[in-house]
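For this chain, numbers begin at 1 and follow the sequence in order.
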Amino acid sequence: MKRYIDCVEQPIAYSDVDSFDRCDALFPAYQNSPRYQAATEERNRGSIAWGAALVARSYLLMFKTTKDERFLRKFIGHAEQILLSRDSLMGLKDYKGYSGPVWSSGRPYTTNSNVIQEVDGPGILEVRSKNASYLKILQGESSFSLEFFDESNRSFGVIENVNLDQTSERYITKVLSEQNWKQPLAAAKVSQDFSRENFIGTRAIELKENFYTAAVETGQICASLLEFCQLVSMDANLSQYETYAQRYTEISVEALNYHSKDICTDESGIYIKIENDAPYDFESTDAPLNHTLSIARCFILLYSITNEAKYRDLSEGMIKHFVHSLSVAKSDIGDSYTWPYFSVAGVNHNGYDVTERVSDWRTSRIGYPRMEDISHAIIAIEACVDAAKAGIIFRESDLKMFANTFMNNILDDTDSGTLVSNYVDGSGGFNKYVNAIGRWGILSPWHAGLWDRCHRIMNDAQPELDHATVLYGMATLMHYRNI
């Protein structure tokens, strides 16, 4: 894939309207980040949330910055294509066979799976993997071995001598559970009626794609629609768009209501849980914090639009859940916030054992307490900025601390240049998420030097235009340049 810089005579200027227009025009040529294509194809469904919705939001920011209504017209054309891509209109079904007013996605976000029938018997073995697309089984005398392969035929290695005896140390569900968070992120479930307990035969099995509607993706898409609705509701000069805004609000509410079943409450607040049998790598457990915060932001926007207290209450409970996982990093140059990928109150952060019977697919799993990456972290930042503006838990002082997270933790100035840490606490290596740096410009009002650093890093790095986060980062930098 060619870089955009190779397609024009001059580098991208990351706070220039003409550069934005040229980059926007190039997006349909990039298969990994389709624009209108993302809303009509059955494959790459995740690009609707992580691609098309971000492009739509870019147009709204460009309108706020320039007051040029062509960006609103572009937004509406884009939004209409996104709405046409709902499962219920495309006839697409999720893993349960349900076709709803939402946007399910498959690879690479969901697990691939298949059902393996016992040879000459009624028993069923179900195997799933996040990253493998097919599986080879080699039958032995009293056990069998598994080898998982990805789509490029790369092997993830052999798992030897597993069996179907639930009392055995080599029971397949137990052995795969003990792989924990290692590739290929596999799991298994065995029925109770195997007549020939360990015999399933040597064979090759395709692991088929499954579709699931993740709350984080619904949140990303609905946020793009609701940002437009909020804009129209606050500007009397945009009354001609009220019909669109009313319709987009109703559609967003319908999509968000789909996730009512996923909303849970505990002492830490309100959070999103992954469905019990969902084709997701952490089924039956708490979703990553960014899933909950993606939905929380939609509720904050709905509260702003409708003034209905229920939306404030829901968003406040979700923000409270996030606060429970925040830690303060003390520093002479300014305290900052850090937070993990999973809630500190949840089983994914802490792990679970066989006695807790959390999942039908796993007997246990060790905790995964890693920090949040700086790309998904922006979902949290956006929710916290909107919460502070709505007077929900956060205040100006908190936003200054989030700005310090970027300036003090994420940026590492060296003799050879600035390194961008992968995680919000400064850990996890460097420079994996440079393409998302422009979006941190949302915190510019709370740190005098932050906009300049974001702008300089983007201009120096010239990241490939293969993800919509780059386009949205450009729009963010333009919007906050003089704020």
Side-chain touch [X]/[Y], heavy atoms, less than 4.5 angstrom:
X      : Y      : result
Leu83  : Tyr248 : yes
Leu471 : Val55  : yes
Leu293 : Ile319 : yes
Glu69  : Tyr241 : yes
Leu61  : Thr476 : yes
Lys93  : Phe211 : no
Tyr480 : Leu450 : no
Asp21  : Phe71  : yes

If we count only N and O atoms by modelled type, under 3.5 Å, do the side chains of [X] and [Y] hold a donor and an acceptor together?
X      : Y      : answer
Ser359 : Glu283 : yes
Thr418 : Arg453 : yes
His259 : Thr218 : yes
Tyr337 : Asp398 : yes
Asn210 : Thr110 : no
Tyr59  : Asp24  : yes
Glu396 : Trp446 : yes
Asn409 : Ser336 : yes

Determine yes or no for a side-chain-to-main-chain donor-acceptor pair under 3.5 angstrom, with [X] supplying the side chain and [Y] the backbone.
X      : Y      : answer
Ser105 : Gly46  : no
Asp150 : Asn131 : no
Thr405 : Met401 : yes
Lys130 : Pro108 : yes
Ser15  : Leu477 : no
Ser327 : Thr338 : no
Asp87  : Ser104 : yes
Asn435 : Glu464 : no
Trp103 : Ile82  : yes
His447 : Asn404 : no

message = Before we go on, tell me: are the rings of Tyr212 and Tyr280 under 6.0 Å apart, centre to centre?
response =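 Here the rings of Tyr280 and Tyr212 have centres that are less than 6.0 Å from each other.
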Salt bridge (charged side-chain N to carboxylate O under 4.0 Å, His left out) contacts touching [range] (sequence neighbours left out):
range            : value
residues 342-360 : none
residues 210-220 : none
residues 327-344 : Lys330-Asp335
residues 310-322 : Glu308-Lys310

query: Considering residues, nucleotides and ligands other than Tyr341, do more than 12 of their heavy atoms fall under 6.0 Å from its OH?
result: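 Counting neighbours around OH of Tyr341, more than 12 heavy atoms of other residues, nucleotides or ligands fall under 6.0 Å, so yes.
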**Prompt:** Should the heavy atoms of other residues, nucleotides or ligands under 6.0 Å from NZ of Lys400 be counted, would the total exceed 12?
**Reply:**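 No, because the 6.0 Å sphere around NZ of Lys400 holds 12 heavy atoms or fewer from other groups.
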Heavy atoms only: give me the nearest [X]-[Y] pair and the separation to one decimal.
X      : Y      : result
Gln462 : Asn459 : NE2-O, 3.0 Å
Ser343 : Ser325 : CA-OG, 3.4 Å
Phe282 : Ile274 : O-CB, 3.6 Å
Val232 : Leu238 : CG1-O, 3.6 Å
Leu207 : Ser129 : CD1-CB, 4.0 Å
Leu226 : Cys298 : CD1-O, 3.7 Å

How are the rings of Phe342 and Trp181 set to each other: parallel, tilted or perpendicular (split at 30° and 60°)?
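Tilted: the ring planes of Phe342 and Trp181 meet at 30° to 60°.
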Taking the inter-plane angle between the rings of Phe394 and Phe402 on a 0 to 90° scale, is it parallel (under 30°), tilted (30 to 60°) or perpendicular (over 60°)?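 Because their plane-to-plane angle is over 60°, the rings of Phe394 and Phe402 count as perpendicular.
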(request) Please assess Leu185 against Thr111 for the test side-chain contact (heavy atoms from CB on, under 4.5 Å), listing each intermediate value before the final yes or no. (result) CA-CA 9 Å; Leu185 297 173; Thr111 56; over 6 Å; no
Could you give the distance from [atom1] ([X]) to [atom2] ([Y]), rounded to the nearest 0.5 Å?
X      : Y      : atom1 : atom2 : answer
Ile333 : Asn408 : CD1   : CG    : 3.5 Å
Ser88  : Tyr258 : OG    : OH    : 11.5 Å
Asp277 : Ser284 : CG    : OG    : 7.0 Å
Ser397 : Leu399 : OG    : CG    : 8.0 Å
Thr213 : Glu275 : OG1   : CD    : 8.5 Å
Asp425 : Ile374 : CG    : CD1   : 11.5 Å

Strictly below 4.0 Å, N to O, side chains only: are Lys67 and Asp235 in salt-bridge contact? no
* Asked: If you measure from the Lys or Arg side-chain nitrogens to the Asp or Glu carboxylate oxygens, is any gap between Asp281 and Arg362 under 4.0 Å?
  ->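 A salt bridge links Asp281 with Arg362.
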Does Tyr271 have Lys273 sitting over its ring (NZ/CZ under 6.0 Å from centre, angle to axis within 45°)?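 Ring-cation test returns no.
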Restricting to side-chain hydrogen bond (donor to acceptor under 3.5 Å, both in side chains), what partner residues turn up for Ser304, sequence neighbours left out?
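Partners of Ser304 by the side-chain hydrogen bond (donor to acceptor under 3.5 Å, both in side chains) criterion, ordered by chain and then number, come out as Gln230.
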Take Ile272 and Asp262 through the test side-chain contact (heavy atoms from CB on, under 4.5 Å) and record every step on the way to the result. CA-CA 5 Å; Ile272 296 294; Asp262 303 327; 4.1 Å; yes
- Run the numbers on Glu80 and Tyr244 for side-chain contact (heavy atoms from CB on, under 4.5 Å), then give the verdict. CA-CA 10 Å; Glu80 292 297 319; Tyr244 286 107; 3.9 Å; yes
inquiry  = Per the side chain to side chain donor-acceptor pair (under 3.5 Å) rule, what does the pair list look like for residues 371-386, sequence neighbours excluded?
reply    =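 Residue pairs passing side chain to side chain donor-acceptor pair (under 3.5 Å), neighbours aside: Arg57-Glu382, Asn290-Glu372, Arg297-Asp386, Asp373-His376, Glu382-Arg439.
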Could you walk me through whether Leu289 and Ile379 satisfy the side-chain contact (heavy atoms from CB on, under 4.5 Å) test, starting with their C-alpha distance in whole Å, then the side-chain angles of each, then the deciding distance to 0.1 Å, before giving a yes or no?
CA-CA 9 Å; Leu289 284 167; Ile379 296 173; over 6 Å; no
